[in-house]
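Contents: one structure, followed by commentary.
Lettering follows sequence order; numbering is per chain, from 1. Just so we're clear, the structure is a prediction, and the values are computed from it rather than from any experiment.
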2 protein chains.
Amino acid sequence: MNSTNHYPDRTVERLCTYRRTLRRCLDEGKPRVFSHELAAAHQATPAQVRRDLMTIGFSGSPARGYDVAGLLEYIGDILDPPDGTAAVLLGVGHLGRALLAHFTRDRSPLHVAAAFDITPEKVGASCHGCTIHPLDALERIVAETHATVGILAVPAEAAEDMALKLVACGVRGLVNFAPVLLHLPSDVTCEDIDITVSLEKVAYHARHAEPRVA
Amino acid sequence: MNSTNHYPDRTVERLCTYRRTLRRCLDEGKPRVFSHELAAAHQATPAQVRRDLMTIGFSGSPARGYDVAGLLEYIGDILDPPDGTAAVLLGVGHLGRALLAHFTRDRSPLHVAAAFDITPEKVGASCHGCTIHPLDALERIVAETHATVGILAVPAEAAEDMALKLVACGVRGLVNFAPVLLHLPSDVTCEDIDITVSLEKVAYHARHAEPRVA
DNA sequence: AGCGCGCTGTGAACACGGTCACAACGTGAA
DNA sequence: TTCACGTTGTGACCGTGTTCACAGCGCGCT
Ligand SMILES: NC(=O)c1ccc[n+]([C@@H]2O[C@H](COP(=O)([O-])OP(=O)(O)OC[C@H]3O[C@@H](n4cnc5c(N)ncnc54)[C@H](O)[C@@H]3O)[C@@H](O)[C@H]2O)c1
Ligand SMILES: NC(=O)c1ccc[n+]([C@@H]2O[C@H](COP(=O)([O-])OP(=O)(O)OC[C@H]3O[C@@H](n4cnc5c(N)ncnc54)[C@H](O)[C@@H]3O)[C@@H](O)[C@H]2O)c1
């Protein structure tokens, strides 16, 4: 297991969601879980869960299952840097405001540290307790907050420019809501969330579903 | 090719995005495209594009490429029902408002036809030109608008109940923003958009990216 | 008219993630 | 103490989606 080339994307994704179930178990005072319980709370089979945990090197015990608190901490060590993750948001429009409302109140290991917009009227204002900064403060604030992730909620035309600006400031991870493919250096991770495409896909599949199976 | 079991999900997804590039070509007066041009505008190789178009049965001509207008119409016939797709939105909170702002002004083949909320103060009000209805009007309005897709922007605790309610009204496609797995009949298509997980994934990958390759 | 280039269409090979199936083992009951 | 059960850990297998590689062909150039 070399240090740069890490776990598969799909596994990381499931780790994120396993955490939710594990937290709920902890809240309920349930000290141990079986693979089939974790599987039921996700889109997964018991074998898949065991495989994921094997991949990250976490062992359970036969007839007892996995230790909830131990696994939660183990996953946290993989996913979370010691000081949590800071993100910056670009574009405080309709979508940006919703994101701010959600990720600033959150005490999770991940939060939005600062927001930016190009519109002069918005700059300086505060939105859900977060001050909106001008774009020329980007480099300084990324450095100060040690932000490692950038969120793009700007119009499609501006997205690539803003992405490259973020990369120039040292950001290596992006979440892009704009409906365009960004051309980025290969060491930058970008997750596209394309709500329009998701809706179109679902509409398509809904139209072509077989009448009723289960 | 039987009528129920249709194209793979990934292909449908790419068809949605090919359309964007094709529309841009049309706007620019470009009558034909090559597979490598479509590929460059997407996360795809030329072979992948050709394979997709082969899958849907659209032919180009060597040395001339694909006819932009023809392909656009061909994809439209696959993705869009004749009258467009109507969706209903459940939960007009921070996220719901952003979605309304985007998908009501849109003249696209897909639009939000009605919004619903449980909070008495919100019901009856209008948001971005869309009236907010009470939940007990759901069945009637789904029937009247012929909505085929439901969008869940409600708190996690309410998501599964609301999903089942939509299904009971005849909706067969869902887009779910709540961070829970929905247990649904197998003939219902559900696309989960889990923004928190996307952020966590990106943060993870950004931390473990190799220093610099390209 | 003839030639060569560059594209399309596609069978075959490949890679990856997911699933199966089973040996190993700890636990609790008798 | 012994046994039966249920769960984990994992090698082998399988299916799907992606890429390779090349034959076939039309266009434009000479
Ligand atoms: N709202 C939705 O539900 C929705 C759905 C699908 C896709 N999207 C996409 O998400 C993005 C944002 O959508 P929105 O609805 O919030 O749009 P919006 O127009 O409401 O907001 C865009 C914001 O970005 C700011 N902006 C513009 N250029 C900028 C720049 N260069 N740097 C920083 N800020 C800049 C604007 O001032 C504005 O505040 C768009 O690309 C849109 O296509 C949104
Ligand atoms: N806002 C974000 O950026 C964001 C990010 C990640 C996930 N989410 C998820 O999206 C969902 C919505 O987020 P939000 O920020 O808009 O929350 P919000 O609290 O602002 O809005 C929720 C809305 O749903 C309404 N509601 C509650 N129960 C309902 C019911 N049974 N039927 C209809 N409406 C009901 C409430 O009245 C409220 O208007 C949540 O599940 C949240 O976890 C949001």
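In this model, no side-chain donor or acceptor of B/R14 finds a partner on the base of D/dG17 within 3.5 Å.
At most 12 non-hydrogen atoms from other residues, nucleotides or ligands lie less than 6.0 angstrom from CD of B/E139.
For the pair A/R64 and A/T11, nearest-nucleotide mapping onto DNA chain C gives the more 5' position to A/T11. Positionally, the nearest nucleotide of DNA chain C for A/R51 lies more toward the 5' end than for the other of A/R51 and A/A63.
The listed nucleotides are C/dG17, D/dG26, C/dT8; the one nearest the side chain of A/R10 is C/dG17. Considering only the side chain of A/S35, D/dT8 comes nearest among D/dT8, C/dG9, C/dT8. Comparing C/dG18, D/dT18, C/dT10 by their nearest atom to the side chain of B/M54 picks out C/dT10. You'll find that the side chain of A/Q48 is closest to C/dG18, out of C/dG18, C/dC22, C/dG9.
For A/H6 and B/Y204, the side-chain atoms include at least one donor-acceptor pair closer than 3.5 Å.
Side-chain contact check for B/F116 versus B/V92: every heavy-atom pair is 4.5 Å or farther apart.
Residue A/R50 contributes atom CZ, which lies 16 Å from atom P of C/dA24 at whole-angstrom precision.
For the atom pair A/I193 CD1 and B/S198 OG, the distance stands at 3.5 Å (nearest 0.5 Å).
When heavy atoms are screened at a 4.0 angstrom cut-off, B/P8 is found touching the sugar-phosphate backbone but no base atom. Using a 4.0 Å heavy-atom criterion, one finds that A/R32 contacts no nucleic acid atom at all.
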